[in-house]
A.B. asks: 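Pasting in a structure now, in structure tokens, and then I'll have a few things to ask.
Counting starts at 1 for both ligands and their atoms, in listed order. Residues take their numbers from the sequence shown, with the count starting at 1.
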Amino acid sequence: MGSQAKTHVLLVVSGGIAAYKACEVLRGLQKAGCEVRVAMTQDATRFVGEVTFEALSGHAVYTSMYDNVGDPIPHISSSEWADVALVCPATANIMAKMAHGVADDLASSTLLACGCPVLVAPAMNVRMWQNPATQANLRVLQDRGVGFVMPTEGRLACGDVGTGKLADVADIVSATLAVLGEAATPEPASVSGNPEVQPTGQDGLLELIRAAAASSGGAITIEEPVRDLVGWSFLITAGPTHEAIDPVRFIANASTGKMGYTIARRAAERGAKVTIVSGPVSLEAPEGVEVVRVTSAAQMYEAATSRFTSSVDCAICTAAVADYTPAHPADHKLKKGIERIDVIELVETRDILAALASMKDSGQVVVGFAAETNDLIAYAQAKLAKKGCDLIVANDVSRADSTFGADTSRISLVSSEGVDERETMPLPQVADAILDRVCEIMEGRA
Ligand code: CTP
């Protein structure tokens with residue numbers, strides 16, 4: 001950036017789980033030649049310590065109006081210093097304060113004092129984002145000329161799916177550079193803090209935080225993610241299948257694929273190599289997971305059985321595979337009144353779970369699911385025997401907190417060892433409980 005260019009970014013971090021992404025935003029801005037200073041709400045410091053931002057930015061971080069050595073009025077000095085203020089992540093609370101001129105802490109007072117352009121990157125629960133109060137605050141701020149990098153749709157930290165996810169780091173950096181009047185293409189630049197670290201993606205962020213921890217003299221400690229499935233390979237079936245009646249009509253079911261995709265995501269996060277054979281769903285592939293997309297039960301059978309090689313350690317069949325498929329799907333759209341569509345001859349599909357269980361060697365584990373509305377455990381035990389698998393995950397789909405599409409589930413783990421009934425849990429915890437049980441079965445064999 002040229003010497004006349006505006007390069008001062010005041011990063012205001014408010015208290016949400018996405019606060020850690022502000023570290024990556026900070027680094028992206030530095031790479032583009034910006035100087036970044038950070039102000040944090042007290043709640044934000046619960047998510048990422050101020051020492052992390054101090055190490056990354058190379059400047060003191062303001063969290064309070066008081067006791068700032070050498071800078072008695074930090075909200076005025078930093079607001080005057082800034083060429084742009086970027087609020088990232090912005091909670092519903094800080095948006096509400098900004099909309100109503102509330103200045104009851106350092107972050108909100110600084111924003112009220114800012115004469116420079118302000119850019120906001122919200123991140124919050126989908127219902128908080130959609131709440132009319134938040135939407136009204138959004139409009140008030142937009143009318144006043146505040147810029148927004150809108151939240152995106154996806155899986156939120158609370159497990160809900162919807163709009164509320166912090167926008168991509170690259171988009172936030174580009175938008176900030178655009179406000180500064182610079183091209184959005186990052187160029188190499190000297191970086192204060194830890195200049196040797198140039199992060200990209202999640203691993204880059206971890207590297208950054210590790211580097212900040214190393215230079216913090218023990219002030220920052222890092223809880224490393226559990227990577228207990230490194231070297232393991234999982235094959236997971238997920239979602240519904242669609243069985244064609246004719247080119248435009250099909251038989252389907254209520255499965256959303258959430259359970260299978262969540263297990264896949266957690267297995268990958270724990271270090272495993274994961275392949276999902278997926279029926280038609282509207283979910284994104286979890287990071288690092290291969291997704292093989294199929295439509296019908298027959299295609300799922302072929303895709304799953306051909307991939308269940310000896311290098312796969314565990315197959316988990318979460319898919320709601322159609323039990324029956326039309327015997328003679330029409331090759332053209334059937335015309336009612338002219339052709340018969342009131343009676344459809346059905347034939348049974350092949351059972352993928354039973355096939356995988358019959359193929360498995362002594363080192364492989366095969367897990368099935370039993371979605372039931374009554375006599376849960378008895379049906380699950382019958383399925384365990386009939387399918388020949390190692391574990392059945394039974395869930396009572398008559399319960400609102402455990403039905404298709406829910407973000408929680410109440411499972412029972414049914415094996416030859418017995419029945420382990422669990423309380424209702426968010427899906428990521430359910431996934432971990434299943435993966436832990438698979439590990440126990442493997443270890444038991446070893
Ligand atoms: N499954 C499969 N292939 C099929 C049918 C089912 O892999 N063609 C798997 C599912 O992925 C799940 C388990 O088998 O893991 C469900 O068992 P199943 O007895 O088929 O359950 P339902 O379809 O609910 O049938 P039922 O009426 O016997 O309860």
A.B. asks: So that I can tick it off, tell me whether E302 and R350 are bridged by a salt bridge, with the cut-off set at under 4.0 angstrom between side-chain N and carboxylate O.
C.D. replies: yes

A.B. asks: Do ligand 1 and A371 have nitrogen or oxygen atoms that lie under 3.5 Å from each other?
C.D. replies: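 N/O-N/O distance below 3.5 Å does not exist for this pair.
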
A.B. asks: Can you find an N/O atom of A370 closer than 3.5 Å to an N/O atom of ligand 1?
C.D. replies: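 In this structure, A370 places no N or O atom under 3.5 Å from an N or O of ligand 1.
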
A.B. asks: Using heavy atoms and a 4.0 Å limit, tell me yes or no: is A297 in contact with ligand 1?
C.D. replies: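 It does not, in that no heavy atom of A297 comes within the 4.0 Å cut-off of ligand 1.
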
A.B. asks: Given 3.5 Å as the limit, does a donor-acceptor pair link the side chain of Q135 with the main chain of W129, or not?
C.D. replies: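 Such a contact is found between Q135 side chain and W129 backbone.
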
A.B. asks: Can you name the residues that form a salt bridge (charged side-chain N to carboxylate O under 4.0 Å, His left out) with D246, not counting sequence neighbours?
C.D. replies: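 Expected list: R249.
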
A.B. asks: Please check this pair: side chain of T325 against backbone of T349, looking for a donor-acceptor N/O pair closer than 3.5 Å.
C.D. replies: no

A.B. asks: Salt bridge check, E24 against R27: does any charged N sit closer than 4.0 Å to a carboxylate O?
C.D. replies: no

A.B. asks: What about K386: any of its N or O atoms under 3.5 Å from an N or O on ligand 1?
C.D. replies: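 Min N/O separation from ligand 1 is not below 3.5 Å for K386.
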
A.B. asks: Which residue from V397, T325, D323 reaches closest to atom 23 (O) of ligand 1 through any of its heavy atoms?
C.D. replies: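 Checking each option, the heavy atom nearest atom 23 (O) of ligand 1 is found in D323.
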
A.B. asks: For atom 4 (C) of ligand 1, what's the nearest protein heavy atom and its distance?
C.D. replies: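 Residue, atom and distance for the closest contact: V321 CB, 3.5 Å.
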
A.B. asks: Is K387 close enough to touch ligand 1? Criterion: a residue heavy atom under 4.0 Å from a ligand atom.
C.D. replies: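 Per 4.0 Å heavy-atom rule, K387 contacts ligand 1.
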
A.B. asks: Look at the side chain of E372 and the backbone N and O of A394, then say whether any donor-acceptor pair between them is shorter than 3.5 Å.
C.D. replies: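 No, the answer is negative, given that no donor and acceptor are paired below the 3.5 Å cut-off.
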
A.B. asks: At a 4.0 Å threshold, what atoms of ligand 1 neighbour a non-hydrogen atom of C317?
C.D. replies: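 Taking each heavy atom of C317 in turn, ligand 1 has 11 (O), 12 (C), 15 (O) under 4.0 Å.
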
A.B. asks: How about D351 and K387: do any of their side-chain heavy atoms sit closer than 4.5 Å?
C.D. replies: yes

A.B. asks: Is there any N or O on I352 that sits under 3.5 Å from an N or O of ligand 1?
C.D. replies: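 N/O-N/O distance under 3.5 Å: yes.
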
A.B. asks: Within the structure, does at least one protein heavy atom fall under 4.0 Å of atom 11 (O) of ligand 1?
C.D. replies: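 When distances to the protein are checked, atom 11 (O) of ligand 1 has a heavy atom within 4.0 Å.
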
A.B. asks: Should R350 be listed as contacting ligand 1, given a heavy-atom distance under 4.0 Å as the test?
C.D. replies: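 Flag set, R350 near ligand 1.
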
A.B. asks: Considering heavy atoms of the protein only, find what lies nearest to atom 16 (C) of ligand 1 and give residue, atom and distance to 0.1 Å.
C.D. replies: F369 O, 3.1 Å

A.B. asks: One thing to verify: whether R270 and D436 come together as a salt bridge, which I'm taking to mean a side-chain N less than 4.0 angstrom from a carboxylate O.
C.D. replies: yes

A.B. asks: For atom 7 (O) of ligand 1, which of the options V393, T373, L353 provides the nearest non-hydrogen atom?
C.D. replies: L353

A.B. asks: Would you say G368 and ligand 1 have an N/O pair spaced under 3.5 Å apart?
C.D. replies: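 Between G368 and ligand 1, no N or O pair is found under 3.5 Å apart.
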
A.B. asks: Considering only heavy atoms of T349, which atoms of ligand 1 have at least one such atom less than 4.0 Å away?
C.D. replies: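 Once the distances to T349 are compared, the set is 8 (N).
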
A.B. asks: Flag the pair R445 / V365 as yes when at least one side-chain heavy-atom distance between them is below 4.5 Å, and no otherwise.
C.D. replies: yes

A.B. asks: Is there a nitrogen or oxygen of A319 sitting under 3.5 Å from a nitrogen or oxygen of ligand 1?
C.D. replies: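 A319 vs ligand 1: N/O contact under 3.5 Å present.
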
A.B. asks: Name all pairs fulfilling the salt bridge (Lys or Arg N to Asp or Glu O under 4.0 Å) condition that reach into residues 86-100, sequence neighbours left out, sorted by first residue then second.
C.D. replies: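 For residues 86-100: K97-D104, K97-D105.
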
A.B. asks: Please determine whether the number of non-hydrogen atoms from other residues, nucleotides or ligands lying under 6.0 Å from atom OH of Y379 exceeds 12.
C.D. replies: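 Incorrect, the count does not exceed 12.
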
A.B. asks: Return the closest protein heavy atom for atom 26 (P) of ligand 1 as residue, atom name and distance.
C.D. replies: K383 NZ, 3.9 Å

